[in-house]
Trainee: 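One structure coming up, written as structure tokens, with questions to follow.
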Amino acid sequence: MDAESLLLSLELASGSGQGLSPDRRASLLTSLTLLKRDYRYDRVLFWGRILGLVADYYIAQGLSEDQLAPRKTLYSLNCMEWSLLPPATEDMVVQTSVVKGRFMGDPSHEYEHTELQKMSEGEKVFEEEVVVQIKEETRLVSVIDQIDKAVAVIPRGALFKTPFGPIHVNRTFEGLSLSEAKKLSSYFHFREPVELKNKTLLEKADLDPSLDFMDSLEHDIPKGSWSIQMERGNTLVVLRSLLWPGLTFFHAPRTKNCGYIYVGTGEKNIDLPFML
């Protein structure tokens with residue numbers, strides 16, 4: 001959710017219990033404004049909160065003028081002091097995939113994982129148990145990246161692609177109509193497209209290249225991984241991810257108000273295919 005409309009966005013997302021205490025809201029309003037100024041971001045998003053056993057991680061993301069350019073991710077434990085996280089890599093995702101359970105809430109905490117590694121001594125090859133240390137900060141980077149790629153959402157028309165390539169905020173976007181807002185096909189993944197590149201020219205024939213340049217949620221696997229509901233007397237549409245419980249997207253039809261927030265433990269629901 002955009003930091004500039006933080007209070008309204010938190011109010012719209014509050015139906016899912018994604019609230020913040022008054023002092024946290026006040027701290028975020030001030031610190032995110034300073035964050036945007038100091039780092040010279042085009043936009044700052046309040047991404048959400050990952051719940052830890054000792055403390056919670058508050059996450060913010062800075063966007064450049066090109067909205068789909070790699071985002072800068074920052075975390076805070078007190079909503080005032082922010083630390084920049086390194087970019088996620090495939091090695092990080094693989095390394096942290098073995099870590100299960102809740103976050104501690106301490107970036108310097110190290111998880112211990114025992115794995116078998118092949119060792120050689122001359123011509124003799126044998127396996128030996130090795131204890132690997134994995135920092136919680138690395139796990140935090142990996143989980144945020146996975147959630148972004150899987151369930152970050154934006155409505156169709158909120159961004160537009162210029163003929164020269166960069167993606168900008170659509171200043172003329174006035175929201176989806178009520179009928180469109182009820183369709184899963186009206187929402188896109190807020191990231192570089194993956195599935196779109198595999199579509200045939202015939203499948204792309206009806207698409208508007210300036211608006212339909214991201215992957216639609218309607219083709220997500222497993223089918224049924226999104227819950228879409230109308231709330232507040234059909235004045236608010238809410239999407240909830242069943243794959244990453246805690247991710248809530250909201251949009252008030254016929255207005256610009258939209259955004260998403262994640263408040264959860266940072267654990268994926270790997271049993272979802274068996275639950276549908």
Trainee: Ring pair (Phe, Tyr, Trp, His ring centres under 6.0 Å) with Tyr187: which of Tyr260, Phe249, Trp226?
Mentor: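 With Tyr187 as partner, ring pair (Phe, Tyr, Trp, His ring centres under 6.0 Å) holds for just one option, Phe249.
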Trainee: Side-chain heavy atoms under 4.5 angstrom apart, residues restricted to Ile, Leu, Val, Met, Phe, Trp, Tyr: same cluster for Leu84 and Phe46?
Mentor: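 Yes, Leu84 connects to Phe46 through the hydrophobic network.
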Trainee: Can you hop from Val93 to Val98 via hydrophobic side chains spaced under 4.5 Å?
Mentor: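 Val93 and Val98: separate clusters.
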Trainee: State, to 0.1 Å, how close Ser9 and Phe250 come at their nearest heavy-atom pair, and which atoms those are.
Mentor: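 Of all heavy-atom pairs spanning Ser9 and Phe250, the closest is CB-CZ, 3.5 Å.
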Trainee: If we only count heavy atoms from C-beta on, is the Val237 to Gln229 side-chain gap below 4.5 Å?
Mentor: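 Val237 does not reach Gln229 side chain to side chain.
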Trainee: With a 4.5 Å heavy-atom cut-off, do Leu77 and Asp56 have their side chains touching?
Mentor: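 No, their side chains stay 4.5 Å or more apart.
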Trainee: Is the closest basic N to carboxylate O distance between Lys161 and Glu192 below 4.0 Å?
Mentor: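 No.
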Trainee: Would you call Lys135 and His109 a side-chain contact if the rule is heavy atoms closer than 4.5 Å?
Mentor: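 They are not in contact (no side-chain heavy atoms under 4.5 Å apart), so the answer is no.
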Trainee: Between Tyr41 and Gln61, is any side-chain donor less than 3.5 angstrom from a side-chain acceptor?
Mentor: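 Distance-only check fails for Tyr41 and Gln61.
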Trainee: Does the Asp2 side chain pair with the main chain of Leu45, one donor and one acceptor, at a distance under 3.5 Å?
Mentor: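 Such a contact is absent between Asp2 side chain and Leu45 backbone.
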Trainee: Might you point out which heavy atoms bring Thr162 and His168 nearest each other, and give the distance in Å?
Mentor: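 So the two residues come closest at CG2-CD2, 3.3 Å.
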Trainee: Which pair of non-hydrogen atoms, one from Leu28 and one from Trp82, has the smallest distance, and what is that distance?
Mentor: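 In this case the closest contact between Leu28 and Trp82 is CD2-CZ2, 3.7 Å.
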Trainee: Would a distance-only check, ignoring hydrogens and angles, find a side-chain to backbone donor-acceptor pair under 3.5 Å from Asp145 to Val141?
Mentor: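 It does not hold such a pair.
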Trainee: With the side chain counted from C-beta on, respond yes when Ile167 and Phe160 share a heavy-atom pair under 4.5 Å apart, and no when they do not.
Mentor: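 They are not in side-chain contact.
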Trainee: Decide yes or no on side chain to side chain donor-acceptor pair (under 3.5 Å) for Ser108 and Asp106, but give the supporting numbers first.
Mentor: CA-CA 6 Å; Ser108 61; Asp106 175 9; 2.9 Å; yes
Trainee: What heavy-atom pair brings Ser64 and Ala69 nearest, and what distance separates the two atoms?
Mentor: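 Looking at all heavy atoms of both residues, the closest pair is OG-CB, 3.4 Å.
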Trainee: Is Leu20 linked to Leu34 within one hydrophobic cluster, defined over Ile, Leu, Val, Met, Phe, Trp and Tyr using a side-chain heavy-atom separation of less than 4.5 Å?
Mentor: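 Hydrophobic grouping puts Leu20 apart from Leu34.
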Trainee: Between Leu247 and Val263, does the side-chain contact (heavy atoms from CB on, under 4.5 Å) criterion hold? Intermediate values first, please.
Mentor: CA-CA 6 Å; Leu247 190 287; Val263 179; over 6 Å; no
Trainee: Would a 4.5 Å heavy-atom cut-off, applied to side chains only, mark Leu68 and Met214 as touching?
Mentor: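 Counting from C-beta outward, Leu68 and Met214 do come under 4.5 Å.
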Trainee: Using every non-hydrogen atom in the two residues, find where Val169 and Leu159 come nearest and quote the distance to one decimal.
Mentor: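 Answer, listing the atom of Val169 first, then Leu159: CA-CD2, 3.9 Å.
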Trainee: Mind checking what makes side-chain contact (heavy atoms from CB on, under 4.5 Å) contact with Arg191, not counting sequence neighbours?
Mentor: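 Arg191: side-chain contact (heavy atoms from CB on, under 4.5 Å) contacts with Lys149, His189, Val194, Asp215.
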Trainee: Measure the spacing between OH of Tyr57 and CD1 of Ile144 and express it to the nearest 0.5 Å.
Mentor: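 Here the rounded value is 9.5 Å.
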Trainee: Once rounded to the nearest 0.5 Å, what's the spacing between atom CG of Leu140 and atom CZ of Phe103?
Mentor: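 Reported to 0.5 Å precision, the distance equals 5.5 Å.
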Trainee: Ignoring hydrogens and angles, tell me if any N or O in the side chain of Thr138 forms a donor-acceptor pair with the backbone of Ile134 under 3.5 Å.
Mentor: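 The answer is no, because no donor-acceptor pair under 3.5 Å joins these two groups.
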Trainee: When you measure from the side chain of Glu110 to the backbone N and O of Glu136, does any donor-acceptor pair fall under 3.5 Å?
Mentor: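 No; zero donor-acceptor contacts below 3.5 Å.
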Trainee: Flag yes if more than 12 heavy atoms outside Glu81 fall under 6.0 Å of its CD atom; otherwise flag no.
Mentor: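 No - once you tally the heavy atoms of other residues, nucleotides and ligands closer than 6.0 Å, there are 12 at most.
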Trainee: Roughly how far, to the nearest 0.5 Å, is the SG atom of Cys79 from the CG atom of Asp23?
Mentor: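 Interatomic distance, Asp23 CG to Cys79 SG, rounded to 0.5 Å: 8.0 Å.
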Trainee: So, the side chain of Lys36 versus the backbone of Gly62: is there a donor-acceptor pair under 3.5 Å, distance only?
Mentor: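 No, because the side chain of Lys36 does not come within donor-acceptor range (under 3.5 Å) of the backbone of Gly62.
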Trainee: Quick one about Ser186 and Glu180 (side-chain donor to acceptor, distance below 3.5 Å, no hydrogens or angles considered), yes or no?
Mentor: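 Note: Glu180 and Ser186 side chains meet the donor-acceptor criterion.
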Trainee: Same cluster or not: are Leu272 and Val153 linked, directly or through other Ile, Leu, Val, Met, Phe, Trp or Tyr residues, by side-chain heavy atoms under 4.5 angstrom apart?
Mentor: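 Yes.
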Trainee: Would you check if there is a donor-acceptor pair between the side chains of Arg49 and Tyr262 at a distance under 3.5 Å?
Mentor: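 The answer is no; no qualifying pair exists.
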Trainee: Mind checking whether Met230 and Val238 have side chains closer than 4.5 Å, heavy atoms only?
Mentor: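 The answer is no; the side chains never approach within 4.5 Å.
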Trainee: Begin from the C-alpha positions of Arg102 and Glu267 and carry the test side-chain contact (heavy atoms from CB on, under 4.5 Å) through to its verdict.
Mentor: CA-CA 8 Å; Arg102 294 280 301 274; Glu267 295 173 287; 3.8 Å; yes
Trainee: Please determine, by modelled atom types, if Asp91 and Thr89 share a side-chain donor-acceptor pair under 3.5 angstrom.
Mentor: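 No - no donor-acceptor pair under 3.5 Å links their side chains.
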Trainee: Locate the shortest heavy-atom distance separating Ser216 from Ser185; write the atom from each residue and the value.
Mentor: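 Result for this residue pair: OG-CA, 3.5 Å.
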Trainee: Atom CZ of Arg232 and atom CG of Leu236: how far apart are they, to the nearest 0.5 Å?
Mentor: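 Result: 6.0 Å between the selected atoms.
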Trainee: Test Glu174 against Lys256 for side-chain contact (heavy atoms from CB on, under 4.5 Å), laying out the working first.
Mentor: CA-CA 5 Å; Glu174 293 297 334; Lys256 294 182 177 182; 3.6 Å; yes
Trainee: Short question: side chain of His251, backbone of Leu176 - any donor-acceptor pair under 3.5 Å?
Mentor: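 Checking the backbone N and O of Leu176 against the side chain of His251, a donor-acceptor pair under 3.5 Å is found.
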Trainee: Would Tyr58 end up clustered with Met80 when hydrophobic side chains under 4.5 Å apart are linked, directly or stepwise?
Mentor: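 No, it is not one cluster - the side chains of Tyr58 and Met80 are not joined through contacts under 4.5 Å.
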Trainee: Please determine, by modelled atom types, if Thr172 and Asn170 share a side-chain donor-acceptor pair under 3.5 angstrom.
Mentor: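 Thr172 vs Asn170: donor-acceptor pair found between side chains.
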Trainee: Taking the basic N atoms (NZ, or NE/NH1/NH2) and the acidic carboxylate oxygens, is any pair closer than 4.0 Å for Glu65 and Arg43?
Mentor: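 Salt bridge absent between Glu65 and Arg43.
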Trainee: CD1/Ile59 to CD1/Ile261 distance, rounded to the nearest 0.5 angstrom?
Mentor: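 Output value for this atom pair is 11.0 Å.
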Trainee: When you measure from the side chain of Asp66 to the backbone N and O of Pro166, does any donor-acceptor pair fall under 3.5 Å?
Mentor: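 Looks like no, no N/O pair under 3.5 Å.
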Trainee: Quick check for you: to the nearest 0.5 Å, what is the distance between Leu239 atom CG and Ser227 atom OG?
Mentor: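 Spacing of CG (Leu239) from OG (Ser227) equals 7.5 Å.
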Trainee: Taking 4.0 angstrom as the limit, do Arg240 and Glu231 come out as a salt bridge?
Mentor: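 Salt bridge present between Arg240 and Glu231.
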Trainee: Can you find a pair of side-chain heavy atoms, one from Asp148 and one from Trp47, that are under 4.5 Å apart?
Mentor: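 When only atoms from C-beta onward are counted, Trp47 and Asp148 do touch, with a gap below 4.5 Å.
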Trainee: Before we go on, tell me: are the rings of Tyr111 and His113 under 6.0 Å apart, centre to centre?
Mentor: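 No - the distance between ring centres of Tyr111 and His113 does not fall below the 6.0 Å cut-off.
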Trainee: Checking side-chain contact (heavy atoms from CB on, under 4.5 Å) for the pair Arg24/Asn78: CA distance, chi angles, key distance, verdict?
Mentor: CA-CA 8 Å; Arg24 291 294 191 201; Asn78 57 9; 4.2 Å; yes
